[in-house]
Student: 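Below: one structure in structure tokens.
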Amino acid sequence: MPEPTRCDWAAGSDSLRDYHDHEWGVPLHGDRALFELLCLEGAQAGLSWRTVLDKRARYRHVFKDFDIEHCARLSDAQLARLLDDPGLIRNKLKLGAVRSNARAAQAVIAELGSLDAYLWSFVDGKPRRNRWTQAREVPASDETSERMSKALRKRGFRFVGPTICYAFMQAAGMVNDHLVACLRHSAASRGHR
């Protein structure tokens, strides 16, 4: 029996294939879940997503499942100690961005009631279903991710450039960029994991 068709980037590792088949592109909601994804997408900058996936369990442990209040209270000393943790991406700016982003998320929640609603507002609350047939058609960023990036930076979020925001939108299911021939294209659009 032939292997099912998947997006090209999911080949080569069990962790990528599992992530592709069960998480990527499925609409994600919840302040904590979206905060985690935004922080992990920022941590990926300049690296492969496989590297982040391989370290995700450690990130979740260290940041108390990305509890926003916990992350906002991290001290400089606590962040400095994390630079010695081989289970994390040991980049001072990326680790510091978790605290900055938590504080920015708290402000959004205080002002608007929900980080979830705020982030999903960039796509009017519903996923955009693209119909790409080849990987080269999929953009690295678009007008929406540029708008999101600008708005998030203005609110104090870090590591949220347009490319990171587009990757976040893809992963969170705000845009469905599974190729049309991919086994997950239709299921992701329906919100099935």
Side-chain angles (χ1 to χ4, degrees), residues 9-20 22-26 28-112 114-116 118-119 122 140-141 145-174:
W9 63 264
S13 102
D14 290 342
S15 62
L16 282 176
R17 187 170 40 258
D18 186 59
Y19 177 72
H20 170 274
H22 301 287
E23 296 182 60
W24 192 77
V26 177
L28 180 66
H29 289 282
D31 289 353
R32 190 217 51 83
L34 290 167
F35 171 71
E36 173 184 337
L37 184 58
L38 191 63
C39 290
L40 292 176
E41 289 291 349
Q44 182 203 353
L47 303 170
S48 73
W49 185 245
R50 183 177 176 184
T51 299
V52 174
L53 281 180
D54 290 346
K55 295 178 180 287
R56 182 166 66 170
R58 183 66 183 153
Y59 270 88
R60 285 176 171 168
H61 175 76
V62 166
F63 293 115
K64 308 293 186 230
D65 285 326
F66 286 88
D67 178 79
I68 295 170
E69 285 69 33
H70 168 79
C71 294
R73 288 191 308 267
L74 290 168
S75 68
D76 289 343
Q78 288 172 308
L79 288 170
R81 282 193 298 275
L82 295 179
L83 291 170
D84 294 327
D85 189 327
L88 303 175
I89 295 165
R90 295 182 286 183
N91 177 297
K92 182 179 182 179
L93 295 176
K94 290 178 180 181
L95 291 170
V98 173
R99 179 177 64 189
S100 299
N101 290 350
R103 291 174 178 174
Q106 285 179 318
V108 167
I109 293 165
E111 179 186 343
L112 304 173
S114 165
L115 181 64
D116 183 319
Y118 175 67
L119 292 170
F122 290 95
S141 65
S145 71
E146 290 173 15
R147 195 166 30 88
M148 177 187 280
S149 172
K150 184 176 180 180
L152 290 176
R153 285 184 307 209
K154 187 174 181 180
R155 288 184 172 272
F157 287 87
R158 294 173 42 209
F159 282 90
V160 289
T163 301
I164 290 171
C165 284
Y166 195 76
F168 168 78
M169 290 166 54
Q170 290 173 308
M174 294 175 183

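As a basis for the values below, the full set of heavy atoms in this structure was taken, side chains included, without hydrogen atoms, waters or symmetry mates. This chain uses plain numbering: 1 for the first residue, then up along the sequence.
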Student: Write down the atom of Pro162, the atom of Ser145, and the distance for their closest heavy-atom approach.
Tutor: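 That would be O-OG, 3.1 Å.
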Student: With a 4.5 Å limit on heavy-atom distance, are the side chains of Phe63 and Phe35 in contact?
Tutor: no
Student: For Ala45, is there any backbone N or O sitting under 3.5 Å from a side-chain donor or acceptor partner on Lys94?
Tutor: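 It does hold such a pair.
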Student: Which atom pair, heavy atoms only, marks the closest approach of Leu16 to Ala11?
Tutor: CD1-O, 4.2 Å
Student: What residues form a side chain to side chain donor-acceptor pair (under 3.5 Å) with Glu111, not counting sequence neighbours?
Tutor: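 Checked Glu111 against side chain to side chain donor-acceptor pair (under 3.5 Å); matches are Arg155.
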Student: Please report the closest heavy-atom contact between Ala171 and Glu41, naming both atoms and the distance.
Tutor: CB-OE2, 3.5 Å
Student: How far apart are the C-alpha atoms of Glu23 and Arg56, what are their side-chain angles, what is the distance that settles it, and do they pass the salt bridge (charged side-chain N to carboxylate O under 4.0 Å, His left out) test?
Tutor: CA-CA 14 Å; Glu23 296 182 60; Arg56 182 166 66 170; 2.9 Å; yes
Student: Name each donor-acceptor pair under 3.5 Å that joins a side chain in residues 102-109 to protein atoms two or more places apart or in another chain, with its distance.
Tutor:
| residue | atom | partner | partner atom | Å |
| --- | --- | --- | --- | --- |
| Arg103 | NE | Ala72 | O | 2.9 |
| Arg103 | NH2 | Ala72 | O | 3.2 |

Student: Looking at residues at least two apart in the chain, or sitting in another chain, which of them share a side-chain contact (heavy atoms from CB on, under 4.5 Å) with Ala151?
Tutor: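 Per chain and number, Ala151 pairs via side-chain contact (heavy atoms from CB on, under 4.5 Å) with Tyr118, Phe122.
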Student: Between atom OG of Ser114 and atom NE2 of His29, what is the distance when rounded to the nearest 0.5 Å?
Tutor: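 The distance works out to 9.5 Å.
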Student: Grab the two heavy atoms, one from Val52 and one from Ala43, that are nearest each other, plus how far apart they are.
Tutor: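 Closest heavy-atom pair between Val52 and Ala43: CG2-C, 4.4 Å.
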Student: Whether the side chain of Ser141 engages the backbone of Thr163 through a donor-acceptor N/O pair (distance < 3.5 Å, no angle test) should be reported.
Tutor: no
Student: If you look at every heavy atom in Gly156 and Asn101, which pair is closest and at what distance?
Tutor: O-OD1, 4.4 Å
Student: Can you sort out the partners of Asp85 under side chain to side chain donor-acceptor pair (under 3.5 Å), two or more places apart, ordered by chain and number?
Tutor: Arg58
Student: Drop me the distance from Leu74's CG to Arg81's CZ, to the nearest 0.5 angstrom.
Tutor: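 That separation rounds to 10.0 Å.
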Student: For a side-chain contact (heavy atoms from CB on, under 4.5 Å) check, start with the C-alpha distance between Asp65 and Tyr59, then their side-chain angles and the critical distance, and finish with the verdict.
Tutor: CA-CA 8 Å; Asp65 285 326; Tyr59 270 88; over 6 Å; no
Student: Less than 4.5 Å apart, side chain to side chain, heavy atoms only: is that true for Tyr166 and Glu146?
Tutor: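 With C-beta onward as the side chain, the pair stays apart.
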Student: Checking Lys64 side chain against His70 main chain: does a donor-acceptor pair fall under 3.5 Å?
Tutor: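 Side chain of Lys64 to backbone of His70: no pair is present.
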Student: Do the side chains of Asp76 and Arg99 get nearer than 4.5 Å, heavy atoms only?
Tutor: yes
Student: Go through Arg73 and Glu69 one step at a time and tell me if the side-chain contact (heavy atoms from CB on, under 4.5 Å) criterion holds.
Tutor: CA-CA 6 Å; Arg73 288 191 308 267; Glu69 285 69 33; 3.6 Å; yes
Student: Within a radius of less than 6.0 Å around NE2 of His61, do more than 12 heavy atoms belonging to other residues, nucleotides or ligands occur?
Tutor: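 No, not enclosed.
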Student: Is the shortest side-chain heavy-atom distance between Ser13 and Arg50 below 4.5 Å?
Tutor: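 Sidechains of Arg50 and Ser13: in contact.
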Student: Please confirm whether the backbone N or O of Asp116 pairs with a side-chain atom of Asp31, one donor and one acceptor, at under 3.5 Å?
Tutor: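 The answer is yes, because a donor-acceptor pair under 3.5 Å joins these two groups.
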Student: Using the side chain to side chain donor-acceptor pair (under 3.5 Å) criterion, which residues pair with Arg60? Sequence neighbours excluded.
Tutor: Glu36
Student: Out of curiosity, Ile89 CD1 to Asp54 CG, how far, rounded to the nearest 0.5 Å?
Tutor: 10.0 Å
Student: Could you grab the distance from atom CG of Leu88 to atom CG of Asn91, nearest 0.5 Å is fine?
Tutor: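 Spacing of CG (Leu88) from CG (Asn91) equals 11.0 Å.
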Student: Taking the side chain from Arg17 and the backbone from Ala10, do they hold a donor-acceptor pair closer than 3.5 Å?
Tutor: no
Student: In Å, rounded to the nearest 0.5 Å, how long is the span from CZ of Arg32 to CZ of Phe66?
Tutor: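 Reported to 0.5 Å precision, the distance equals 8.5 Å.
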Student: Working note: Leu119 + Met174, criterion side-chain contact (heavy atoms from CB on, under 4.5 Å); need CA distance, chi angles, decisive distance, verdict.
Tutor: CA-CA 9 Å; Leu119 292 170; Met174 294 175 183; 3.9 Å; yes
Student: Phe168 versus Leu40: any side-chain heavy-atom pair under 4.5 Å?
Tutor: no
Student: Which is it for Phe159 and Leu38 under the side-chain contact (heavy atoms from CB on, under 4.5 Å) test, yes or no, and what are the steps along the way?
Tutor: CA-CA 9 Å; Phe159 282 90; Leu38 191 63; over 6 Å; no
Student: If the condition is side chain to side chain donor-acceptor pair (under 3.5 Å), which residues does Ser100 pass it with, not counting sequence neighbours?
Tutor: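 So Ser100 forms a side chain to side chain donor-acceptor pair (under 3.5 Å) with Arg158.
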Student: Please name the pair of heavy atoms, one in Leu53 and one in Ser15, separated by the smallest distance, quoted to 0.1 Å.
Tutor: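 Taking every non-hydrogen atom into account, CD1-O, 3.7 Å.
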